[in-house]
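Model, not experiment: these values are computed from the prediction. Values below: every heavy atom of this structure, side chains too, minus hydrogens, waters and symmetry copies.
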Amino acid sequence: MLRDYLKIDESDRLVEQSVLRQNNRGQEDVTEWRIIAANGEAKGRVVLFDKLSNRRSWPVSYRIMQTDMQGKVVVDHLTDVL
C-alpha cells in the first residue's frame with residue numbers, strides 16, 4: 001500500500017489532486033495527492049510515478065516522492081510493487 005512508504009500520521013488523509021497520463025512509449029501516469037492533517041491543515045504532497053521507465057541499470061515500476069509544504073523532499077523511493 002502507498003501509505004506504507006510515506007512518513008505520515010495515521011490520522012492524515014491523502015486527497016487526490018491530479019492525474020497526468022503521458023502518452024509516451026512507457027504510458028506513464030503521474031498522480032499527485034495532498035496530505036491533509038486531522039485538523040484540515042495541508043502538510044505536504046505525494047507524487048506517484050507509475051510505470052517509471054528509467055535508463056539505469058535497475059528497472060523499477062514506481063517512484064514515490066513525498067515533500068513537505070516548503071518543498072523539502074521527505075521520501076524519494078523507487079520500488080517494483082506497491
From CA spacing to verdict: side chain to side chain contact (heavy atoms under 4.5 Å, CB included), V30, V19: CA-CA 6 Å; V30 180; V19 177; over 6 Å; no
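Transitive grouping of hydrophobic side chains (ILVMFWY, heavy atoms separated by less than 4.5 Å) keeps M65 and L78 in distinct clusters. No path of Ile, Leu, Val, Met, Phe, Trp and Tyr side chains, each step under 4.5 Å between heavy atoms, connects L2 with V75, placing them in separate hydrophobic clusters.
Pairs of residues two or more places apart, or lying in two chains, that qualify as side-chain hydrogen bond (donor to acceptor under 3.5 Å, both in side chains) and include a residue from residues 66-77 are R63-D76.
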Ignoring hydrogens and angles, write down the donor-acceptor pairs under 3.5 Å from the side chains of residues 31-41, residues two or more places apart or on other chains.
unit_1, atom_1, unit_2, atom_2, d
E32, OE1, R45, NH1, 3.4
E32, OE2, R45, NH1, 3.2
N39, OD1, E41, N, 3.0

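Here the CG atom belonging to L14 is positioned 4.5 Å from the CD1 atom belonging to I8, to the nearest 0.5 angstrom.
The one candidate from V47, D4, L82 that meets the side-chain contact (heavy atoms from CB on, under 4.5 Å) condition with I64 is L82.
Minimum heavy-atom separation, Y62 to D80: CE1-O, 3.5 Å.
The hydrophobic side chain of M69 is isolated, with no ILVMFWY side chain under 4.5 Å apart from it.
The closest donor-acceptor contact from the side chain of R3 to the backbone of D9 lies under 3.5 Å.
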